[in-house]
K.L.:
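First, the structure itself, so that you have it in front of you.
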Amino acid sequence: MLVGGNGINEAQGPHVAAMIDDDRDGKPQADGRHGRSRAKDQHQLLIAFGVVNAIAAVAVHLVAGATLPLLPFLLLSLVAVAYGLVGQAPSGSGQGATVALATPPGRDLQLRRLEGASGEPSVPVVPLYRQPNALRRHRVLDPLTDLPGRDCLAASLARLIDEAQGQDEQLALIAFDIDRMKDINGIHGYAVGDQLLRIAARRLEGIARDGVFRLDGDRFVIIRRGVAGIADAEIAAVAALDRIARPIRLGKATKQEMRPSASVGIALYPDHGGDFEALMRCAEMAVDDAKRAGGRRCRLFDRGMIVAMQFRKDMERDLLEAIEAGDLTLHYQPQIDLASDRIIGVEALMRWTHKERGLIPPTTFIPIAEASGLIKPMGTWLIHEACRTVKTWQTMGLDVAMAINISAAQLRQQNLPEIVADALAENGVDACRLELELTESLFVDPSELMMRRSLEHLAEMGVGLAIDDFGTGYSSLAYLKRLPVQKIKIDKSFTQGIGREEVDEALVKVIIHLARTFGKRVLAEGVETPAQHRFLVQEGCDAAQGYLFAKPVPFAACTRHLEEDAERYGRADAIRATAG
Ligand code: C2E
Ligand code: CA
Ligand code: CA
């Protein structure tokens, strides 16, 4: 059974046992639907008029005899009924698709009109842009969602801009991009992906007054006329976002739900542009900004986005050069076992010294690398470099584990386990000396299933897995049970609240307890003060990392830390000497 909201079925895809949209809420729908019902009423009136006229003519003829000429009345009736029937002829879509355009997108789209005696249209017939089948025939409607596309949007917007100019009115162009569509297709299959797009289209139609359009792939646009300002446009965008994000249950047999989300960008006429091209560029820039910020959010275009885009482009070009020139380096930050006080591992953190701008923080260049795909070659280099360093230290009698950060794009690389295996084999490093740190948000990603295979493969190889920045992501902890993760890293924002914020202290305690319950080791990041150190020891935290012990430093400086540690505690295998 299809479940959810008010439990009304959506069209079902062939491979989807059941997917539902809880959206038909009986609110006034888009203009197209009203237009069609008005036209339908008029056609029914014509038919009724024809029938009544014919009956009356025959009755009068019978009563009055041959004195009343019957033929002209019957002809009139015939014409009325014929027009009525022609106008009512079903469009044949059978899917109730609604094309929500406020105004015809162009003269050429209005094929049929009934002409009155004066030559002016006297009876409005369903215009073509409101006839899904006719539009489809003319390739104006997208066959998947029954929505008009980019050309219609351009024509509609041009027309609305003309009207708005005359009335000193503002328009909003609101662009939507379904988050993680690629993953949804990859995990659930294209039938589910298509179904999601159809549902998103219907959900947007349910809320858009002035037109919904599907551009390429998973990008939709709605137009809103007469917006009273930024806040008004944002309210409309957020309402649409909320609608799209309603859960969708997958299949009859499963209770599994999909929670789609979207990134939304708004551009306003006339503030951000005077024509379709300019407004569309702004709206898409705003969507991309929302996507980069993690999706499921709404952004209003602002001019700073152009500057930021140029900066990203420059950085991307320079980053590519830096990779090729070997200008990226690694710094290493020791990780301390709190029971023995020994260095048990180091975290490798990437550094980039730009030829003109100097040191660029990873929080700036890693997102650029992720968005551009450069993170893959960078990540491969990092894995090899990290293994080389472990080997070099081992030959010096310094035995530590190496933690490296892995981003979502790398984890989605199907051959990540092979890349890791190659790097380990090439350097003769044992898999247990390498630990991959993955941020918590990766685990609630819809592509989790796909990534899980990689993680399981890596875990089987003996590579360690840790959850980074724990506590900053999402509330679902189910993945702790499911995934082969051995360590949790408490985010530094909580560690730094120790001694200052009771809530943070409580959270740190809970996370330590949680880790113990699930049989995981726990490391606190960002330890800067002796008080934080004491608190963590007292609460039974396994390990710590932070400026109190050592900052991230280049290879030579980290080697000195390891040697001092070895001097103090002996050159025994540090990892075997501790619980790790
Ligand atoms: P992260 O993985 O959470 O790394 C820890 C960050 O906290 C590092 O910042 C480190 O320098 C900083 N940190 C360590 N101890 C302290 C402390 O006591 N106080 C404070 N305030 N900060 C401390 P960094 O090196 O700037 O890296 C920032 C982020 O960039 C990393 O966060 C990680 O998400 C990302 N990153 C760095 N290197 C790589 C990499 O090679 N690959 C990927 N995918 N991401 C990386
Ligand atoms: Ca990390
Ligand atoms: Ca972290």
Side-chain angles (χ1 to χ4, degrees), residues 294 319 322-323 327-336 343 345-353 358-387 389 401-413 416 419-420 423 434-442 451 464-473 485 487-500 504 508 511 522-533 535-536 543-555 557-558 561:
L319 191 53
I323 295 168
D327 284 348
L328 296 177
T329 53
L330 290 182
H331 280 194
Y332 304 93
Q333 184 176 34
Q335 298 179 332
I336 315 295
I343 298 176
V346 295
E347 178 177 2
L349 294 153
M350 221 183 274
R351 296 291 179 261
W352 174 25
T353 309
L359 195 68
I360 314 270
T363 41
T364 301
F365 72 82
I366 295 286
I368 294 171
E370 284 175 341
S372 61
L374 286 173
I375 194 73
K376 290 180 188 170
M378 282 162 67
T380 304
W381 167 80
L382 163 81
I383 294 166
H384 279 266
E385 185 67 14
C387 289
T389 304
M402 175 75 75
I404 57 173
N405 293 283
I406 295 289
S407 66
Q410 280 174 279
L411 197 52
R412 284 195 202 99
Q413 253 178 316
L416 181 66
I419 293 171
V420 171
L434 194 66
E435 180 174 69
L436 308 189
E437 294 189 2
L438 310 140
T439 58
E440 196 183 1
S441 56
L442 281 179
M451 297 193 295
L465 299 174
I467 300 173
D468 207 355
D469 306 338
F470 190 84
T472 56
V485 171
K487 191 192 273 179
I488 289 174
K489 294 187 78 176
I490 302 174
D491 189 66
K492 58 176 176 285
S493 60
F494 302 125
T495 309
Q496 289 172 356
I498 296 172
R500 285 205 303 254
D504 288 335
V508 170
I511 297 173
V522 59
L523 179 148
E525 286 190 300
V527 180
E528 290 183 355
T529 66
Q532 290 163 356
H533 182 195
F535 180 92
L536 293 164
Q545 183 181 343
Y547 296 169
L548 180 69
F549 310 105
K551 287 192 169 183
V553 286
F555 172 79
C558 192
H561 282 312

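Indexing begins at 1, ligand by ligand and atom by atom, following the structure's order.
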K.L.:
Considering only protein heavy atoms, determine whether one is less than 4.0 Å from atom 32 (O) of ligand 1.
P.N.:
no
K.L.:
Could you check whether Lys489 pairs with Glu347 (Lys NZ or Arg NE/NH1/NH2 to Asp/Glu carboxylate O, under 4.0 Å)?
P.N.:
yes
K.L.:
Among the heavy atoms of Pro361, does any lie under 4.0 Å from an atom of ligand 1?
P.N.:
no
K.L.:
Which atoms from ligand 1 have a heavy atom of Leu382 less than 4.0 Å away?
P.N.:
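In order of numbering, the contacting atoms are 41 (O).
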K.L.:
Of the listed options (Lys492, Arg351, Met350, His331), which comes nearest to atom 25 (O) of ligand 1 when hydrogens are ignored and any heavy atom counts?
P.N.:
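Among Lys492, Arg351, Met350, His331, the closest heavy atom to atom 25 (O) of ligand 1 comes from Arg351.
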K.L.:
Which option, Glu347, Gln545, Glu528, owns the non-hydrogen atom nearest atom 20 (C) of ligand 1?
P.N.:
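It is Glu528 that holds the nearest heavy atom.
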K.L.:
Which heavy atom of the protein is the closest neighbour of atom 27 (O) of ligand 1, given with residue, atom name and distance?
P.N.:
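Checked against all protein heavy atoms, atom 27 (O) of ligand 1 sits closest to Pro362 CG, 3.4 Å.
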K.L.:
At less than 4.0 angstrom from any non-hydrogen atom of Gln496, what atoms of ligand 1 do you find?
P.N.:
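Answer, ordered by atom number: 19 (N), 20 (C), 21 (N).
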K.L.:
To check your reading of the model: name the closest protein heavy atom to atom 3 (O) of ligand 1, its residue, and the distance in Å.
P.N.:
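I find the closest protein heavy atom is Asp469 OD1, 3.3 Å.
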K.L.:
Whether the side chain of Thr495 engages the backbone of Glu525 through a donor-acceptor N/O pair (distance < 3.5 Å, no angle test) should be reported.
P.N.:
yes
K.L.:
How many degrees, to 10°, between Glu347 OE2 and Asn405 OD1 as seen from the Ca ion (ligand 2)?
P.N.:
90°
K.L.:
Just to be sure I read this right, does ligand 1 sit under 4.0 Å from the backbone of Leu330, its side chain, both, or neither, counting only heavy atoms?
P.N.:
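None of Leu330 does.
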K.L.:
At what distance, to the nearest 0.5 angstrom, does CG of Leu328 lie from OG1 of Thr353?
P.N.:
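Rounded to the nearest 0.5 Å, the CG-OG1 separation comes to 9.0 Å.
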K.L.:
For ligand 1, which atoms have a heavy atom of Pro552 less than 4.0 angstrom away?
P.N.:
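What qualifies from ligand 1 is 11 (O).
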K.L.:
Tell me whether atom 9 (O) of ligand 1 lies less than 4.0 Å from at least one protein heavy-atom position.
P.N.:
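It does not; no protein heavy atom is within 4.0 Å.
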K.L.:
How does Glu525 reach ligand 1, if at all, at less than 4.0 Å between non-hydrogen atoms: by side chain, backbone, both, or neither?
P.N.:
side chain
K.L.:
Counting each atom of ligand 1 from 1 as listed, which ones have a heavy atom of Ile366 under 4.0 Å away?
P.N.:
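Reading through ligand 1 atom by atom, the close ones are 39 (C), 40 (C), 42 (N), 43 (C), 45 (N), 46 (C).
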K.L.:
Any nitrogen or oxygen of Asp468, side chain or backbone, less than 3.5 Å from one on ligand 1?
P.N.:
yes
K.L.:
Which ligand 1 atoms are under 4.0 Å away from a heavy-atom of Gln333?
P.N.:
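Ligand 1 atoms under the 4.0 Å threshold to Gln333: 14 (C), 15 (N).
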K.L.:
Just how far is it from atom CZ of Phe555 to atom OG1 of Thr389, taken to the nearest 0.5 Å?
P.N.:
6.0 Å
K.L.:
Taking the six-membered ring for Trp and the single ring otherwise, decide whether the centroids of Phe549 and His561 are under 6.0 Å apart.
P.N.:
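No, the ring of Phe549 stays outside the 6.0 Å limit from the ring of His561, centre to centre.
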K.L.:
Considering only protein heavy atoms, which is closest to atom 22 (N) of ligand 1, and at what distance to one decimal place?
P.N.:
Tyr547 OH, 3.3 Å
K.L.:
Would you name the heavy atoms of Asp504 and Gly497 that are closest together and state the gap between them?
P.N.:
OD2-CA, 3.3 Å
K.L.:
Have a look around the Ca ion (ligand 3) and list protein N/O/S atoms under 3.0 Å, or say none.
P.N.:
Asp468 OD1, Asp469 OD1, Glu525 OE1, Glu525 OE2
K.L.:
For residues Leu536 and Ile498, determine if any side-chain heavy atom of one lies less than 4.5 Å from a side-chain heavy atom of the other.
P.N.:
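Leu536 reaches Ile498 side chain to side chain.
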K.L.:
Number the atoms of ligand 1 from 1 as they appear, then name those within less than 4.0 Å of a heavy atom of Val527, with their elements.
P.N.:
18 (O)
K.L.:
Which of the numbered atoms in ligand 1 are under 4.0 angstrom from any heavy atom belonging to Gly526?
P.N.:
16 (C), 17 (C), 18 (O)
K.L.:
Short question: side chain of Glu385, backbone of Trp381 - any donor-acceptor pair under 3.5 Å?
P.N.:
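Answer holds: no.
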K.L.:
For atom 28 (C) of ligand 1, state which one of Thr363, Leu411, Leu349 supplies the nearest heavy atom.
P.N.:
Thr363
K.L.:
Within a strict 4.5 Å, meaning less than it, do heavy atoms of the Leu330 and Met350 side chains meet?
P.N.:
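Leu330 vs Met350: side chains touch.
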K.L.:
With a 4.5 Å limit on heavy-atom distance, are the side chains of Pro552 and Tyr547 in contact?
P.N.:
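Pro552 reaches Tyr547 side chain to side chain.
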K.L.:
Which atoms from ligand 1 have a heavy atom of Gly546 less than 4.0 Å away?
P.N.:
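Within the 4.0 Å cut-off of Gly546, ligand 1 contributes 15 (N), 18 (O).
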K.L.:
Would you give the length of the straight line joining atom OG1 of Thr380 to atom CD1 of Ile323, rounded to the nearest 0.5 angstrom?
P.N.:
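It comes to 10.0 Å.
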K.L.:
Pick, from Thr495, Asn405, Thr472, the option with the minimum heavy-atom distance to atom 45 (N) of ligand 1.
P.N.:
Asn405
K.L.:
Could you see which bit of Ile404 sits under 4.0 Å from ligand 1, with heavy atoms only: side chain, backbone, both or neither?
P.N.:
neither
K.L.:
Tell me which one of Asp468, Thr472, Ile467 satisfies side chain to side chain contact (heavy atoms under 4.5 Å, CB included) with Phe470.
P.N.:
Ile467
K.L.:
Does Met378 have a non-hydrogen atom less than 4.0 Å from ligand 1?
P.N.:
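No; Met378 lies far enough from ligand 1 that no heavy-atom distance drops under 4.0 Å.
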K.L.:
Report yes if the side chains of Phe365 and Met378 come closer than 4.5 Å at any heavy-atom pair, otherwise no.
P.N.:
yes
K.L.:
CG of Asn405 to CG of Leu438: how many Å apart, nearest 0.5 Å?
P.N.:
9.0 Å
K.L.:
How long is the straight-line distance from CD1 of Ile404 back to CG of Leu349, given to the nearest 0.5 Å?
P.N.:
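Between atom CG of Leu349 and atom CD1 of Ile404 there are 11.0 Å.
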